[in-house]
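See structure below.
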Amino acid sequence: MEQNKSYFGELVDGVKTLATGMKVTLKEYFTPKSTEQYPENRKTTLHVASRHRGRLVFKRDENGAYKCTACTLCEKACPNGTIKITAHMGEDPETGKKKKVLDDYQYDLGDCMFCQLCTNACNFDAIEFTNDFENATFDRDSLVLHLDKEVYEGGSLPNLIDGGAPLIIGKFNTKTK
């Protein structure tokens with residue numbers, strides 16, 4: 001059953017609600033603020049989680065060879081067509097049998113959703129996401145990467161693959177104002 005309040009009863013409820021909101025606002029106003037000092041301190045104190053998905057790279061062995069067999073499972077698993085693989089049938093010089101030879105592995109970083117379906121679909125463990133997150137550019141065409149032709153040496157930050165600066169719980173790369 002709905003209670004009908006008088007005009008003054010409603011007014012008192014409104015003032016109580018306003019006072020509650022103002023209490024929260026004033027408490028937050030006097031709390032010290034902290035600001036992440038990026039990009040100034042990114043080379044010394046920035047920590048990036050090692051499981052962060054920043055960009056896709058080929059895994060390579062000590063000789064620099066990649067494991068990709070051009071099976072196109074990653075291309076088929078990609079929900080928005082970020083990966084385009086071009087391959088042809090060639091003869092293996094060791095065995096003499098015909099097999100697929102990778103011509104081009106095109107990855108569009110600008111369209112990628114970082115869902116990791118491609119790495120999960122790869123049966124040969126040939127691709128992985130690194131935690132390199134600094135990919136800003138003024139030209140969209142430079143976001144189209146050819147993974148078979150480039151050798152990823154690590155990110156622009158020191159020890160980025162290992163997570164950057166060590167994570168210290170409760171201490172942030174911040175400046176208190």
Side-chain angles (χ1 to χ4, degrees), residues 28 31-90 99-177:
E28 202 54 42
T31 302
K33 307 300 181 273
S34 62
T35 305
E36 181 78 26
Q37 297 301 309
Y38 180 84
E40 292 83 15
N41 294 341
R42 73 180 186 264
K43 294 192 179 193
T44 56
T45 57
L46 181 67
H47 178 79
V48 180
S50 58
R51 66 179 181 264
H52 173 74
R53 299 176 198 153
R55 68 173 276 193
L56 192 67
V57 296
F58 266 177
K59 288 185 178 179
R60 296 187 182 260
D61 62 11
E62 59 276 348
N63 300 330
Y66 51 81
K67 301 178 185 176
C68 184
T69 60
C71 66
T72 69
L73 285 174
C74 55
E75 182 180 16
K76 292 172 185 168
C78 184
N80 60 346
T82 298
I83 299 171
K84 293 181 179 44
I85 297 175
T86 309
H88 71 278
M89 291 302 287
K99 70 174 207 170
K100 267 188 169 177
V101 178
L102 181 67
D103 291 330
D104 188 29
Y105 192 103
Q106 183 177 331
Y107 165 64
D108 191 350
L109 182 63
D111 286 343
C112 186
M113 297 188 318
F114 307 101
C115 62
Q116 206 171 5
L117 291 174
C118 56
T119 59
N120 294 340
C122 184
N123 288 332
F124 303 97
D125 196 32
I127 54 177
E128 70 177 342
F129 275 99
T130 65
N131 57 355
D132 189 2
F133 64 93
E134 290 189 326
N135 299 308
T137 181
F138 289 105
D139 183 23
R140 267 187 78 79
D141 293 335
S142 64
L143 292 175
V144 177
L145 307 173
H146 299 274
L147 299 185
D148 58 318
K149 295 175 182 55
E150 71 172 33
V151 178
Y152 181 74
E153 297 292 336
S156 56
L157 300 177
N159 302 325
L160 183 68
I161 303 300
D162 301 324
L167 178 64
I168 301 169
I169 304 297
K171 183 170 172 36
F172 301 98
N173 177 17
T174 58
K175 179 172 148 183
T176 305
K177 291 184 178 183

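Quick caveat, the model's predicted, so the values are computed rather than measured.
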*Please report the closest heavy-atom contact between D103 and A87, naming both atoms and the distance.*
OD2-C, 3.6 Å
*Please step through side-chain contact (heavy atoms from CB on, under 4.5 Å) for the pair K67 and D125, ending with a clear verdict.*
CA-CA 7 Å; K67 301 178 185 176; D125 196 32; 4.0 Å; yes
_Contact summary for S142 and L145, nearest pair of heavy atoms_ = O-CD2, 4.0 Å
*Should L73 and N123 count as side-chain neighbours, where that means a heavy-atom distance under 4.5 Å?*
yes
_Heavy-atom pair with the smallest gap, counting every atom of Y107 and C112_ = OH-SG, 3.3 Å
*H88 side chain near K100 side chain, heavy-atom distance below 4.5 Å*: no
_Against C74, only a single residue in T119, I83, T82 fulfils side chain to side chain contact (heavy atoms under 4.5 Å, CB included); can you say which?_
I83
*Measure the shortest side-chain to side-chain distance between Q116 and R53 over non-hydrogen atoms and say whether it is less than 4.5 angstrom.*
yes
*Under the side-chain contact (heavy atoms from CB on, under 4.5 Å) rule, what do F124 and C68 come out as? Steps first, then yes or no, please.*
CA-CA 7 Å; F124 303 97; C68 184; over 6 Å; no
*Residues two or more places apart in sequence or in another chain: which of them pass side-chain contact (heavy atoms from CB on, under 4.5 Å) with D104?*
T86, Q106, H146, D148, K149
*asked:* Name the residue from D132, N131, T130 that meets the side chain to side chain contact (heavy atoms under 4.5 Å, CB included) definition with H52.
replied: N131
*Quick one: does N63's side chain have a donor or acceptor within less than 3.5 Å of a partner on A65's backbone?*
no
*Is there any salt bridge (charged side-chain N to carboxylate O under 4.0 Å, His left out) pair reaching into residues 138-147, and which pairs are they, with sequence neighbours excluded?*
D111-R140
*Check: F58 ring centroid to Y152 ring centroid under 6.0 Å*: no
*Could you give me the CA-CA distance, side-chain angles and deciding distance for V57 and I127, then say whether side-chain contact (heavy atoms from CB on, under 4.5 Å) is met?*
CA-CA 6 Å; V57 296; I127 54 177; over 6 Å; no
*Given side chains that start at C-beta, do those of C78 and N80 come closer than 4.5 Å, heavy atoms only?*
yes
*Would you call L117 and P79 a side-chain contact if the rule is heavy atoms closer than 4.5 Å?*
yes
*asked:* Just so I know, are the side chains of L102 and I85 near enough to count as touching, which here means a heavy-atom distance under 4.5 Å?
replied: yes
*asked:* Nearest 0.5 Å, please: how far is NZ in K59 from SG in C122?
replied: 8.5 Å
*asked:* Can you list everything that forms a side chain to side chain donor-acceptor pair (under 3.5 Å) with E150? Sequence neighbours excluded, please.
replied: R55
